[in-house]
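Counting convention: from 1, in listed order, for ligands and their atoms alike. Just so we're clear, the structure is a prediction, and the values are computed from it rather than from any experiment. The figures here come from the full heavy-atom set of this structure, side chains too, leaving out hydrogens, waters and symmetry mates.
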Amino acid sequence: MADKPAIPGAPQGVFLRGVGSAVAEKLERLGIRREADLVFHLPLRYEDETRLTPIRDALPGVSAQFEVEVISAEIAYRPRRQLVAKVRDASGLLVLRFLNFYPSQQKVLQSGARLRVFGEVRGGFFGSEIIHPRFHVVGDDEPLPQGLTPVYPTTAGLGQATLRKLIDRAIERASNDGGLDDTLPETLRARLALPELASSIRILHHPPPDISLEQLETRGHPAWRRIAFDELLAQQLSLRRAHALRRAHVAPQLNAGGKLTDALLQQLPFRLTTAQQRVWEEIATDLAAPHPMRRLLQGDVGSGKTVVAALAMLRAVDNGYQAALMAPTEILAEQHYRKLVAWLAPLGIEVAWLSGSQKKRARAAWQQKVGAGDTALIVGTHALIEEGVEFARLGLAIVDEQHRFGVRQRLALGQKGMGGDARRAAPSASSPPVGGSEPPLRAWGGNRVPHQLTMSATPIPRTLAMSYYADLDVSVIDELPPGRTPVLTKLVSESRRDEVVARVRDACRAGRQAYWVCPLIEESEALQLKTAQETFAYLTAELPELRIGLVHGRLKADEKAAVMAAFVANEVQLLVATTVIEVGVDVPNATLMVIEHAERFGLAQLHQLRGRVGRGSFDSACILLYARPLGETARARLKIIFENTDGFEIARQDLHLRGPGEFIGARQSGLPMLRYADLEDAALIEQARTAAEELLRGDPAVVQRHLERWLGGRGELLGA
Ligand code: ADP
Ligand code: MG
């Protein structure tokens with residue numbers, strides 16, 4: 001993460017004092033830049049050094065502390081260079097073994113030296129031994145610590161002792177200069193039964209002797225709860241404030257009353273589901289407001305998000321603005337394009353098409369029209385956000401399958417609505433400083449920015465939506481269009497491939513179609529994945545009577561489009577594909593989905609792929625072919641996908657399995673992870689959210705202080 005400028009007007013003494021640059025650099029690696037960061041750098045776990053154990057009483061596998069005298073210490077070379085010290089106490093002998101060691105450690109381990117040693121004893125070749133114990137030379141009459149010893153997260157070359165000293169000093173200073181003062185109003189603390197900050201911090205860094213180690217380690221102690229709450233509150237405040245700042249921007253008001261949306265509804269071959277109707281109303285309300293919408297439209301695969309997007313786009317057109325729809329792949333973008341053309345051509349509306357693969361001249365022609373405002377609806381891939389694409393008056397930007405894009409790309413489309421100069425002048429919008437105010441986003445026609453709608457079929461579990469995505473408004477289509485048939489899921493071992501092939505033959509004979517998905521196209525022995533080409537050749541040999549197509553990422557766009565068109569027309573009966581078909585393909589006649597090496601896929605992908613079938617009135621099945629041996633996680637994933645059909649439940653279990661960092665794709669999302677709060681603690685998140693709303697309404701000074709403490713110069717909590 002690039003360095004952020006200091007907040008102007010931040011209190012003095014905030015930055016690290018008395019720390020050399022080498023140490024500072026290591027601290028930086030831990031995210032510690034200020035005194036406050038040290039204070040909030042909390043232990044990973046604790047060790048009990050309050051007692052001494054006689055060597056004879058040591059239990060294997062249990063950490064304990066011994067007080068010993070060094071008998072001898074020498075470097076041995078069998079099998080590799082290592083430092084081996086023999087030590088004893090009155091009850092027995094012990095070997096300390098160091099595979100990595102510093103000269104300073106070697107120097108201390110002199111025969112006759114008295115040490116306190118902490119570690120886990122195990123049986124070794126020379127008798128009981130400890131590998132890499134922590135130890136220090138013990139002074140005369142040195143008392144044992146009164147409380148548990150904290151063990152901090154650290155980085156190479158930064159020892160626990162140094163870190164502990166720095167942290168203790170920072171706590172000491174903070175106690176004197178108000179750094180531990182409570183940011184929470186007394187009433188709030190009382191209501192939520194949260195302990196004071198100062199005592200919580202002290203307890204966690206220096207647990208008193210009588211505290212329950214278990215409560216500390218499982219983080220069930222009230223002091224931990226207080227810290228987790230503060231962290232969640234900072235997140236909520238930051239995101240809610242971003243939300244509020246956005247409302248200060250001006251967006252074109254896209255009012256109801258035009259003809260186009262109604263005309264589309266009239267000529268659709270179906271009626272909106274109740275859920276579609278509801279989300280369309282939510283979106284329409286936002287669009288009519290004078291500030292930019294930032295809404296996420298969630299809906300399971302096949303729930304019908306596209307038509308809602310089309311309605312929103314037409315609302316823009318009805319009001320004299322442009323609307324753009326960006327999709328992550330050519331196939332998906334093209335499918336949107338075709339669908340919109342089919343729906344809108346009868347209404348006399350032209351749709352512009354921009355993609356990386358189209359001919360230069362065609363693209364230039366569309367760009368010209370888009371720039372001149374001669375065409376109102378634009379569909380495409382990343383090509384939409386490329387240099388040189390200018391919109392005359394973009395009122396609405398829609399991004400489909402938002403999780404496939406990085407934060408920057410998502411933002412880029414929204415910024416396209418801004419005049420060229422303003423866009424260049426705008427700072428990196430993904431990380432405006434939290435401490436300062438966001439610079440106004442100037443845009444074309446004054447200071448207007450387009451509305452933004454993102455769509456996703458990968459559900460965000462409730463707790464994530466309430467935390468990381470708190471600055472987005474969310475609409476959910478929680479109902480599938482009528483007439484869908486539930487998909488039967490089967491787990492089948494690779495060794496029964498023949499039966500699966502037979503099943504494909506039967507389905508196609510009955511007039512249906514099938515997908516056969518392979519994870520990779522290139523030979524990769526290491527992963528032992530079947531290539532799509534091999535599978536294609538194999539299936540062609542096994543099923544000579546079928547018309548089989550192959551689609552993968554290496555095909556040229558027009559080749560890809562040709563295969564897909566043939567599949568849509570049922571000229572291709574069996575489509576062998578890599579995951580390029582993951583999103584968006586819509587062929588109701590396809591009833592069988594075979595996924596090879598299903599154990600290698602993520603849950604979201606499996607769910608997406610399975611959603612490609614069951615779109616018509618025929619019975620559908622998804623066959624997950626797996627290869628042994630199955631790892632623990634792979635087994636867990638297959639079990640989840642087998643047992644669940646609800647995308648939200650799958651996402652919830654996925655979050656549980658992988659943790660939030662992996663789940664969101666921390667790097668891609670640009671969001672820093674919560675360190676102390678547990679995302680499965682929905683109750684605490686809820687409390688933080690309510691508190692944030694109250695404070696933002698009534699206590700701006702508290703908000704400011706709390707954010708400064710938790711975020712300081714790091715403003716990256718603002719999501720996109
Ligand atoms: P997704 O939410 O996965 O993007 P789509 O928008 O592609 O789903 O819709 C899936 C299919 O369902 C499309 O063929 C679409 O035309 C159809 N569809 C959408 N809404 C309805 C509805 N209310 N009734 C019947 N079919 C619908
Ligand atoms: Mg879709």
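- Only backbone heavy atoms of L272 (N, CA, C or O) come within less than 4.0 Å of ligand 1; its side chain stays farther off.
- Remark: F648 CZ is packed, more than 12 non-hydrogen atoms of other residues, nucleotides or ligands lying under 6.0 Å away.
- The shortest separation from a heavy atom of A457 to ligand 1 is not under 4.0 Å, leaving the residue out of contact.
- Ligand-side atoms of ligand 1 in range of R271: 22 (C), 23 (N), 24 (N), range being under 4.0 angstrom from any heavy atom.
- Counting atoms of ligand 1 from 1 in the listed order, those under 4.0 Å from a heavy atom of T273 are 23 (N).
- A side chain to side chain contact (heavy atoms under 4.5 Å, CB included) with M455 is found for exactly one of I477, V399, L325, namely L325.
- No side-chain donor-acceptor contact under 3.5 Å links H451 to the backbone of L396.
- For the pair E334 and K560, the salt-bridge criterion is not met [side-chain N within less than 4.0 Å of a carboxylate O].
- For the pair Q335 and ligand 1, no heavy-atom separation below 4.0 Å is found.
- Look at G302 and you'll find a heavy atom under 4.0 Å from some atom of ligand 1.
- Put simply, the side chain of E350 never gets that close to the backbone of A376: no donor and acceptor are under 3.5 Å apart.
- On a distance-only criterion, G304 and ligand 1 share at least one N/O pair closer than 3.5 Å.
- On a distance-only criterion, W343 and ligand 1 share no N/O pair closer than 3.5 Å.
- Taking a cut-off of under 4.0 Å to the non-hydrogen atoms of T306, the atoms of ligand 1 that pass are 4 (O), 5 (P), 6 (O), 7 (O).
- Interface of R615 with ligand 1, defined as ligand atoms under 4.0 Å from a residue heavy atom, comprises 3 (O), 10 (C).
- Only the side chain of Q276 comes within 4.0 Å of ligand 1, counting heavy atoms alone; its backbone N, CA, C and O stay farther away.
- Counting heavy-atom neighbours within 6.0 Å of D473 CG, excluding the residue itself, gives a total above 12.
- Under the 4.0 Å criterion applied to side-chain N and carboxylate O atoms, R295 and E282 are assigned as salt-bridge partners.
- Put simply, CD on E596 and CZ on R600 are 10.5 Å apart, with the number rounded to the nearest 0.5 Å.
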